[in-house]
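Taking it in order: structure first as structure tokens, then the write-up.
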Amino acid sequence: MKAAVVGGGWAGLAAAVELAQAGFRVTLFEASRQLGGRARSVELHGHRLDNGQHILVGAYHETLRLMRTVGADPERLLLRLPLELRFPGSLPRPFRLRLPRLPPPLHLAAGLLAAAGPTLSEKLAAARFLRALQRNGYRVPEGDSVAELLDRHGQRGALRSHLWEALCLAALNTPPAAASARIFANTLRDSLGSGRAATDLLLPAADLDQLLPAAAASFIRRHGGEIRNGCRIRRIEAGPAVLGEAFDCAVIAVAAQHAPALLAGHRATAELAQTLAAYRFEPIATVYLGFPPQVSLPLPMLGLAPRSSTDVGQWVFDRGALCGTAGILAFVLSAHGPWQELDNATLAARLAGQLAATLRHSLPPVLWQQVIREQRATFSCRPGLARPGARTALAGWWLAGDHACGEYPATLEAAVRSGVAAAREIRASLPAGRHACAGAARSGPQSPRRG
């Protein structure tokens, strides 16, 4: 059986790998010359870096499974660290929270108790907050924002700003006052509310191409599939068909901002197109600063707390500790904020100054800088946002993308889960005999090479 996948980001790659593994002959269409979508590698100043610094966590079970499926070893490509949030420049006291390697829920209780910066009353309030979420099965009112949720449970001070609000920005890329409390509660359920390993930070120790796209492309080709880079699809055809070629099934796996143009041309998907066209979006900037090789951070990841009204930094990563590119620091700025009003040179200078104040020592001059701004990096994860599923009303066409994973915000895990869900629903929709024949036809001769 023939399957088409439109879009070569992480959602499209996940769908294509799942379908190829099930015995489909997959053709993947990607508009750019490079796979990976909004999580890809770029060449900058003689270094292979990423279009944005990404963070994974141990709760990304489907992403880790997919990496293993295509032969990208997470143990080699990801640096696994216990969750540690450190804001050395926070006022009035430096903030540090580290979850020890203890069985749950002891790891969380011990981490909160030993946290530096919060008062005892803040720690007890945080424990009560988590306990209340657990008792309610992490269900919160659909219309609440994260800020309203935190207010209702008395979350204040350092733990509010450096734990809950910091996690909201990192995971939902939406300011707490506008972010969905329901989606935030889901992320807490599957991280802090799950096993100890689920809270681990998984920091890329290689460029994003090596994490999934390159290995996924090889996997698809080994299983008889084809990847057509530089092939922009401007309309989808009933049947389903792509560029006049008929397929047994097809998946639209483009970003939420690009999907409406493909869906609007058919009466069956016009309403879905209108739903996605109403989405609002949030930006992300990654600012790379190249210093002499001796410049490093005390940890691979540090939080940057504002010490004055001009400070705009949120997180900084030491690429030397992560990927061996000594002296390169990556600053990440999430969601709408004052940083958007600064030109690139001013933004880089502000971040370098904020880091020096945080570390309490001067830094050598910056050798080079590169600012990557994604103006519509993710959809704005707001309360009540309509999220579609994998099935569309147009026969043979399915949907994948982080916007189609209704329980999660716009993360790599959401993208992967949506692609996997679309592929599995396609398989489930087929007549049993046809699916079995397809699987047998493709899997039999392939099995020796898969091992």
Should L28 and L35 be marked as a side chain to side chain contact (heavy atoms under 4.5 Å, CB included) after you check the CA-CA gap, both sets of side-chain angles, and the distance that decides it? CA-CA 10 Å; L28 188 149; L35 298 176; 3.9 Å; yes

N/O donor-acceptor pair under 3.5 Å between [X] side chain and [Y] backbone:
X	Y	value
R38	G9	no
S41	L208	yes
R40	G37	yes
R228	T27	no
S90	F95	yes
S32	Q34	yes
Q155	A125	yes
T392	W397	yes
E30	I227	no
D318	L297	yes

Tested for side-chain contact (heavy atoms from CB on, under 4.5 Å) against S334, the lone hit among T378, N173, T174 is N173

Would you give the length of the straight line joining atom [atom1] of [X] to atom [atom2] of [Y], rounded to the nearest 0.5 angstrom?
X	Y	atom1	atom2	result
L77	L202	CG	CG	11.5 Å
R128	L133	CZ	CG	13.5 Å
W315	I55	CH2	CD1	7.0 Å
L299	L81	CG	CG	8.5 Å
R319	L203	CZ	CG	10.5 Å
R427	L19	CZ	CG	8.5 Å

Atom of [X], atom of [Y] and distance for their closest heavy-atom approach:
X	Y	result
L212	W10	CD2-CE3, 3.6 Å
Q354	V312	OE1-N, 3.3 Å
Y60	T411	OH-CB, 3.5 Å
H336	E282	CD2-OE1, 2.8 Å
G313	L351	CA-CD2, 3.5 Å
F219	T69	CE1-O, 3.6 Å

Do the ring planes of F184 and W164 sit parallel (below 30°), tilted (30 to 60°) or perpendicular (above 60°)? perpendicular

Do [X] and [Y] come close enough that some side-chain heavy atom pair is under 4.5 Å?
X	Y	answer
S418	H403	no
T199	L108	no
R391	W398	yes
L91	R307	yes
L262	T269	no
L302	L359	yes
T187	L172	yes
D207	C323	no

Step-by-step salt bridge (charged side-chain N to carboxylate O under 4.0 Å, His left out) determination, E18 to R65: CA-CA 11 Å; E18 286 288 311; R65 182 192 65 80; 2.8 Å; yes

Does the side chain to side chain contact (heavy atoms under 4.5 Å, CB included) test come out yes or no for N186 and I183, once each step is laid out? CA-CA 5 Å; N186 291 344; I183 301 299; 4.2 Å; yes

Could you tell me whether [X] and [Y] have a side-chain N and a carboxylate O separated by less than 4.0 Å?
X	Y	value
R156	E122	no
E142	R387	no
D200	R101	yes

Answer yes if the ring centres of F87 and H162 are under 6.0 angstrom apart, and no otherwise. yes

Is there a side chain to side chain contact (heavy atoms under 4.5 Å, CB included) between L289 and V316 once you walk through the steps? CA-CA 10 Å; L289 298 186; V316 58; over 6 Å; no

Looking only at side-chain N and O atoms, does N51 offer a donor or acceptor that is under 3.5 Å from a partner on E374? yes

For side chain to side chain contact (heavy atoms under 4.5 Å, CB included), just list the numbers for R68 and E75, CA-CA rounded to whole Å, side-chain angles, deciding distance to a tenth of an Å, and then say yes or no. CA-CA 10 Å; R68 295 187 184 99; E75 302 305 316; 4.1 Å; yes

Candidate pair Q340 and R373, rule side chain to side chain donor-acceptor pair (under 3.5 Å), full reasoning: CA-CA 9 Å; Q340 292 178 276; R373 300 177 189 249; over 6 Å; no

Only residue of R417, R139, R182, R189 satisfying salt bridge (Lys or Arg N to Asp or Glu O under 4.0 Å) with E407 is R189

